[in-house]
Amino acid sequence: MAEPPVVIWQQEVEGLLHYRELVPRLEEALGKFSRRDSTEVIQPVRTTLTLQKHHGFLGLMPTYMENDGVLCTKIVCFYKREDGSSLPAVQATVVLLDPEYGNVKALMDGEVITEMRTAPVSAISAKLLMCPEAEVLAILGTGKQALSHYNAFTAMFSFKEVRVWSRTLQNAERFCRSVGGPVTVCVSVQEAVRGADAIVTVTKCTEPVLFGQWVKPGAHVAAVGACRPDWRELDDVLMKEAVVYADSREGAMAESGDVILSGVEVFAELGDVINGTKTAHREKTTVFKSLGMGVEDAVSAQLVFDQ
């Protein structure tokens, strides 16, 4: 008889996930996904239902890794909240199942897993695509993903300066108090990104907030927000001047307003670069469009379960 499912929630998940262990597992998972071998990863594009009354969406993200014996799905609700809303923008649960018996092995806090796996993937994109001599990091946004990206990027790279921008000074100051190192608060996006070598966009914006005319040639942009086909963070100028990478080509073409509305082509997936089948154009301006993938949740959930 199957064991009852283990419930692993916020603080336990946080205590069991560490960037040094996540990064190599996520790199391996990205490479496996891009090989399109059904014995390694089966992962459809996220299924999304509109919650019109509540200005939100329900996303279902199943993944099966046959060779690794991992079966997982994430159930995530995300919302377009008004500024100052006390309601959460994202709520998620990750379900880990036994692929042979079909029973649920564990229920986990999906919000923490999402935070903990998204930032390392962005950092992997920077590892592959950012100028090796990068000195200045700019973060646009001050929510939970901004904090996790600050932690991942400063753990993996040695920046001389980190800048942050938020729509409100109060949020920017709160962010500065929450991090473990020095941060410069900028009053405008233009000020934050001027001369920056790496830019992370983790905003709730649905219209472009980062414009190509402000971005230093050769900079790397990790674009994490705007996960709907009609939402954007980056303008046409930036998208068309950059070499565009994604976690999933199909995901970007179905869900990313930055890609769809600008009409650009996705040059490669991160997994293609990891596998050596596509070039990392470090010398050019690059954009990594992150949508998040079920395989990232799956390997993170399996790591928590094994721990």
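Residues Ala119 and Ser148 come closest through the heavy atom pair CB-O, 3.4 Å. Of all heavy-atom pairs spanning Phe33 and Glu250, the tightest one is CZ-OE1, 4.5 Å. Nearest approach of Leu17 to Ser300, heavy atoms of both residues: CD2-O, 3.7 Å. Across every non-hydrogen atom of Arg232 and Ser262, the tightest pair is NH2-CB, 3.7 Å. Nearest heavy atoms, Leu291 versus Ala252: CD2-CA, 3.9 Å. Across all their heavy atoms, Leu26 and Pro120 have their closest contact at CD1-CB, 3.7 Å.
Of the inter-residue distances, the one linking Phe159 atom CZ with Thr154 atom OG1 reads 8.5 Å to the nearest 0.5 angstrom. The structure places NE2 of His18 at 8.5 Å from CG of Leu303, a figure rounded to the nearest 0.5 Å. Annotation: the span from Asp235 atom CG to Glu207 atom CD amounts to 11.5 Å, rounded to 0.5 Å. Taking CZ of Arg282 as the reference point, atom NE2 of His220 lies at 9.5 Å (rounded to 0.5 Å). Atom NZ in Lys204 sits 9.0 Å away from atom CZ in Arg81 (nearest 0.5 Å). Atoms CZ and CD1, from Phe288 and Ile124 in turn, are 8.5 Å apart once rounded to the nearest 0.5 Å.
Under the 3.5 Å distance criterion, the side-chain polar atoms of Glu12 are left unmatched by any main-chain donor or acceptor of Ile8. Remark: side-chain polar atoms of Asp272 are not paired, donor with acceptor, to backbone N or O of Ala268 under 3.5 angstrom. For the pair Glu40 (side chain) and Arg35 (backbone), a donor-acceptor distance under 3.5 Å is absent. Side-chain atoms of Ser166 do not come within 3.5 Å of backbone N or O of Leu169 as any donor-acceptor pair. Side-chain atoms of Ser85 come within 3.5 Å of backbone atoms of Leu87 as a donor-acceptor pair (strictly under, hydrogens ignored). Between the Gln91 side chain and the Cys77 main chain, no donor and acceptor come within less than 3.5 Å of each other.
Tyr101 belongs to no hydrophobic cluster with other residues, because no ILVMFWY side-chain heavy atom falls under 4.5 Å from its own, directly or through intermediates. The other members of the hydrophobic cluster of Phe211, by chain and number, are Leu140, Trp165, Val189, Val193, Ile199, Val209, Leu210, Trp214, Val215, Val221, Leu234, Leu238, Met239, Val244, Met253, Val259, Val264, Val266, Val287 (side-chain heavy atoms under 4.5 Å, ILVMFWY only).
Hydrophobic clustering, with ILVMFWY side chains joined whenever heavy atoms are under 4.5 angstrom apart, keeps Phe78 apart from Val224. Met61 and Leu30 fall into different hydrophobic clusters, where Ile, Leu, Val, Met, Phe, Trp and Tyr are joined by side-chain heavy atoms under 4.5 Å apart, directly or via other members. Cluster membership for Val162 and Phe157, using ILVMFWY side-chain heavy atoms within less than 4.5 angstrom, is shared.
Salt bridge Arg25/Glu21: absent, no basic N to carboxylate O contact under 4.0 Å. A salt bridge is defined here as a Lys NZ or Arg NE, NH1 or NH2 lying under 4.0 Å from an Asp or Glu carboxylate O, and Asp247 with Lys289 fails to meet this definition.
Proximity of Thr73 to Thr63: side-chain heavy atoms (C-beta onward) are nowhere separated by under 4.5 Å. With a 4.5 Å cut-off on side-chain heavy atoms, Leu137 and Ile139 count as touching. Between Thr118 and Ser290, the closest side-chain pair of non-hydrogen atoms falls below 4.5 Å. Contact check for Leu107 versus Val94: no side-chain heavy atoms found under the 4.5 Å cut-off. Residues Tyr19 and Met156 form no side-chain contact, since every pair of their non-hydrogen atoms from C-beta on lies 4.5 Å or further apart. A heavy-atom distance below 4.5 Å is found between the side chains of Leu128 and Ile274. In this structure the side chain of Tyr64 never reaches within 4.5 angstrom of the side chain of Val70, judged on heavy atoms. With a 4.5 Å cut-off on side-chain heavy atoms, Ser122 and Phe153 count as touching.
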> Would Met108 and Leu96 satisfy side-chain contact (heavy atoms from CB on, under 4.5 Å), going step by step from the backbone distance to the final call?
Replying inline: CA-CA 8 Å; Met108 301 185 193; Leu96 194 64; 4.1 Å; yes
>> Between Val273 and Thr279, does the side-chain contact (heavy atoms from CB on, under 4.5 Å) criterion hold? Intermediate values first, please.
In response: CA-CA 6 Å; Val273 179; Thr279 304; over 6 Å; no
> Is there a side-chain contact (heavy atoms from CB on, under 4.5 Å) between Tyr79 and Phe57 once you walk through the steps?
Replying inline: CA-CA 6 Å; Tyr79 302 87; Phe57 304 88; over 6 Å; no
>> Under the criterion side chain to side chain donor-acceptor pair (under 3.5 Å), I'd like the reasoning laid out for Thr203 against Glu233: C-alpha separation, chi angles, the key distance, then a yes or no.
In response: CA-CA 8 Å; Thr203 74; Glu233 291 184 304; 2.7 Å; yes
> Are Leu58 and Ile75 close enough, and set up right, to give a side-chain contact (heavy atoms from CB on, under 4.5 Å), and what steps lead you there?
Replying inline: CA-CA 7 Å; Leu58 167 67; Ile75 305 163; 3.6 Å; yes
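When the salt bridge (charged side-chain N to carboxylate O under 4.0 Å, His left out) test is applied to Asp37, no partner is found at least two apart in sequence or on another chain. Partners of Lys105 by salt bridge (charged side-chain N to carboxylate O under 4.0 Å, His left out), not counting sequence neighbours: none found. With sequence neighbours left out, the salt bridge (charged side-chain N to carboxylate O under 4.0 Å, His left out) criterion links Glu255 to Arg46. Legend: residues meeting salt bridge (charged side-chain N to carboxylate O under 4.0 Å, His left out) with Asp109, ordered by chain and number and at least two apart, are absent. Partners of Phe267 by ring pair (Phe, Tyr, Trp, His ring centres under 6.0 Å), not counting sequence neighbours, listed by chain and number: Tyr245, His281. The side chain to side chain donor-acceptor pair (under 3.5 Å) test applied to Glu269 returns Ser34, Arg36, not counting sequence neighbours.
Evaluation of the salt bridge (charged side-chain N to carboxylate O under 4.0 Å, His left out) test over residues 89-98, restricted to residues two or more places apart or in two chains, returns none. The salt bridge (charged side-chain N to carboxylate O under 4.0 Å, His left out) analysis of residues 139-163, with sequence neighbours excluded, yields the pairs Glu111-Lys144, Glu135-Lys160, Glu161-Arg163. Sorted by first and then second residue, the salt bridge (charged side-chain N to carboxylate O under 4.0 Å, His left out) pairs involving residues 214-231 (not counting sequence neighbours) are Asp197-Lys216. Judged as a salt bridge (charged side-chain N to carboxylate O under 4.0 Å, His left out), the pairs with a partner in residues 291-307 (not counting sequence neighbours) are, in order, Lys74-Asp297, Arg117-Glu296, Arg117-Asp297.
Between the side chains of Asn171 and Thr168, at least one donor N or O lies within less than 3.5 Å of an accepting N or O. Under the 3.5 Å distance criterion, with hydrogens and angles disregarded, no donor-acceptor pair is assigned to the side chains of Thr285 and Glu241.
Other residues, nucleotides and ligands place no more than 12 heavy atoms under 6.0 Å from the CD atom of Glu265. In Glu283, the CD atom is crowded: over 12 heavy atoms of neighbouring residues, nucleotides or ligands sit closer than 6.0 Å.
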